[in-house]
Amino acid sequence: MKTISENRCFGGVQGVYSHRSEATDCDMTLGLFLPEQAEEGAVPVLWYLSGLSCTHENAMVKAGAQRWAAEAGIALVFPDTSPRGAVVPNDAAFDLGQGAGFYVNATQDPWAENYQMWDYITEELPDALFSAFPIADAAQAITGHSMGGHGALTIAMSFPGRFRSVSAFAPICNPVASDWGRKQFTTYLGEDEEAWASYDATALMLRRGFDGPILIDQGTSDQFIDLLRPQELASAMAEMRQGGTFRMQKGYDHSYFFVSTFMEEHVAFHAAALLV
């Protein structure tokens, strides 16, 4: 890990680090907040996956999570959303290419060489962090916003027992049936729609669900709500009798004003699961 910056923050340290990734075949940058309690030993960790066009920095700066994580004694990880660099394939659209990795393992050219974000988030980055920092791999939770909410939900349901809790802010709930999904899955994964299902939160909910508490917040004035399709995931949760809380927040949109408003409640939700 190369240290880019470290700043004192609510008694702990907000760091920005980079490392060479074999999964994405490029240098990756991430944010990591370690609370003061990490000076005494390993602490629980909450992963935060960001949305379309974001880097590691958006949530790190705008979400306000450090204050609440510091009080609870929880580390925060803010990964990037895609591989980066001049030789990494890109697209002029904001919803494809760099900044839009969709947390999948691409199988199609020219994306497959770098866009292995599923393996990066679920295997390589955890191994790197647990070996370099005082983080307890046995006490993990995960959250995310929009595309990152999609990533958080699909990853949590795909690794039973790894995450004690999962939450999401305005997640892309049913990408196989949305323009925020079909375009990217066709590009990254090809035309075989059966290969898409393992990256769809609604499909995974109907197939296996999650073995812990779930919290989802969705704004009623979200300008992208038709692309997010929250009703499909809510219906799947009800059909599967999945324990969880799905809240429609009146008047809130898709912005970080929405995320920061409810961040304290999400951190507290995860702290209740992690600190047992």
Side-chain angles (χ1 to χ4, degrees), residues 23 28 30-35 42-51 54 56 58-60 63 65-66 68-69 72-82 101-105 117-130 133 135-173 175 198-202 204-205 208-218 233 237 242-246 259 262-276:
M28 297 293 290
L30 64 128
L32 172 66
F33 171 73
L34 288 174
V43 295
V45 61
L46 173 60
W47 294 80
Y48 184 102
L49 304 185
S50 290
C54 292
H56 69 283
N58 294 73
M60 186 181 79
Q66 292 90 340
W68 316 116
I74 295 171
L76 300 169
V77 180
F78 304 100
D80 202 349
T81 56
S82 78
F102 260 78
Y103 305 102
V104 304
N105 281 342
M117 287 300 294
W118 181 273
D119 283 352
Y120 175 69
I121 294 294
T122 65
E123 297 179 14
E124 186 177 34
L125 184 55
D127 288 346
L129 290 177
F130 296 144
F133 297 98
I135 300 172
D137 62 353
Q140 300 183 63
I142 191 167
T143 187
H145 173 227
S146 192
M147 179 185 74
H150 139 78
L153 290 166
T154 56
I155 289 170
M157 285 187 276
S158 297
F159 291 88
R162 177 181 296 192
F163 300 98
R164 296 188 184 179
S165 52
V166 61
S167 73
F169 301 86
I172 301 174
C173 295
S198 59
Y199 298 116
D200 185 285
T202 297
L204 287 171
M205 180 60 65
R208 62 179 63 147
F210 179 65
D211 55 350
I214 297 176
L215 172 62
I216 298 173
D217 276 317
Q218 171 65 59
L233 180 58
M237 291 175 66
Q242 168 73 51
T245 301
F246 202 124
V259 173
F262 299 102
M263 180 55 72
E264 179 183 5
E265 295 178 38
H266 280 246
V267 174
F269 164 78
H270 291 293
L274 290 169
L275 302 174
V276 293

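All of these numbers come straight from a predicted model, not from anything done at the bench.
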Worksheet item: Between R208 and S158, is any pair of side-chain heavy atoms under 4.5 Å apart?
Response: yes
Discussion item. Are the side chains of F210 and Q242 in contact, using a 4.5 Å heavy-atom criterion?
Written reply: yes
Worksheet item: What are the two closest heavy atoms between A69 and V267, and how far apart are they?
Response: N-CG1, 3.9 Å
Worksheet item: Taking the side chain from R164 and the backbone from A138, do they hold a donor-acceptor pair closer than 3.5 Å?
Response: yes
Worksheet item: Does the side chain of M263 reach to within under 4.5 Å of the side chain of Y48, using non-hydrogen atoms?
Response: yes
Practice prompt. Report yes if some heavy atom in the side chain of I172 is under 4.5 Å from a heavy atom in the side chain of F102; otherwise report no.
Written response: yes
Worksheet, complete the sentence: For S82 and G101 the tightest heavy-atom approach is CB-N, 3.8 Å
Worksheet item: Is the shortest heavy-atom distance from the side chain of Q140 to the side chain of F159 under 4.5 Å?
Response: no
Discussion item. Rounded to the nearest 0.5 Å, what separates atom OG in S167 from atom CG in L46?
Written reply: 6.5 Å
Worksheet item: Which distance, rounded to the nearest 0.5 Å, do you find between the CE of M117 and the OG1 of T122?
Response: 10.0 Å
Response to the item:
Smallest heavy-atom separation, H150 atom then P175 atom, equals ND1-CG, 4.1 Å
Fill in: Candidate pair I135 and L34, rule side chain to side chain contact (heavy atoms under 4.5 Å, CB included), full reasoning
CA-CA 9 Å; I135 300 172; L34 288 174; 4.2 Å; yes
Discussion item. Using 30° and 60° as the class boundaries, would you call the ring planes of F169 and H145 parallel, tilted or perpendicular?
Written reply: perpendicular
Practice prompt. With rounding to the nearest 0.5 Å, note down the distance linking CD1 in I142 to CZ in F163.
Written response: 4.0 Å
Fill in: Residue pair A168 / T143: nearest heavy atoms and the distance that separates them
N-OG1, 3.9 Å
Response to the item:
The ring-ring contact (aromatic ring centres under 6.0 Å, His included) partners of Y103 (sequence neighbours excluded) come to none
Worksheet item: Can you name the closest pair of heavy atoms from G73 and P35 and give their distance?
Response: C-CG, 3.6 Å
Worksheet item: Looking at side-chain heavy atoms only, is the closest gap between L215 and F262 below 4.5 Å?
Response: no
Discussion item. Testing the basics here: between P44 and L275, what is the closest heavy-atom pair and its distance to 0.1 Å?
Written reply: CG-CD2, 3.7 Å
Worksheet entry | Polar side-chain atom of T81 near backbone of S50 as donor-acceptor pair, under 3.5 Å | no
Worksheet item: Sub-3.5 Å donor-acceptor pair from the side chain of D119 to the main-chain atoms of E124, do we have one?
Response: no
Item to complete: Hey, could you give me the NE2/CG distance between H56 and L49, rounded to the nearest 0.5 Å?
Response: 14.5 Å
Fill in: Pairing residues for Y199 by the ring-ring contact (aromatic ring centres under 6.0 Å, His included) criterion, not counting sequence neighbours
W118
Worksheet item: With a 4.5 Å heavy-atom cut-off, do L129 and D137 have their side chains touching?
Response: no
Response to the item:
Separation between CD1 (I74) and NE2 (H270), nearest 0.5 Å, reads 8.5 Å
Practice prompt. For residues L125 and M28, determine if any side-chain heavy atom of one lies less than 4.5 Å from a side-chain heavy atom of the other.
Written response: no
Worksheet, complete the sentence: Rounded to the nearest 0.5 angstrom, the CD1-CH2 distance for I121 and W47 is 6.5 Å
Worksheet item: Pick from T202, L204, D200: which one makes a side chain to side chain contact (heavy atoms under 4.5 Å, CB included) with L233?
Response: T202
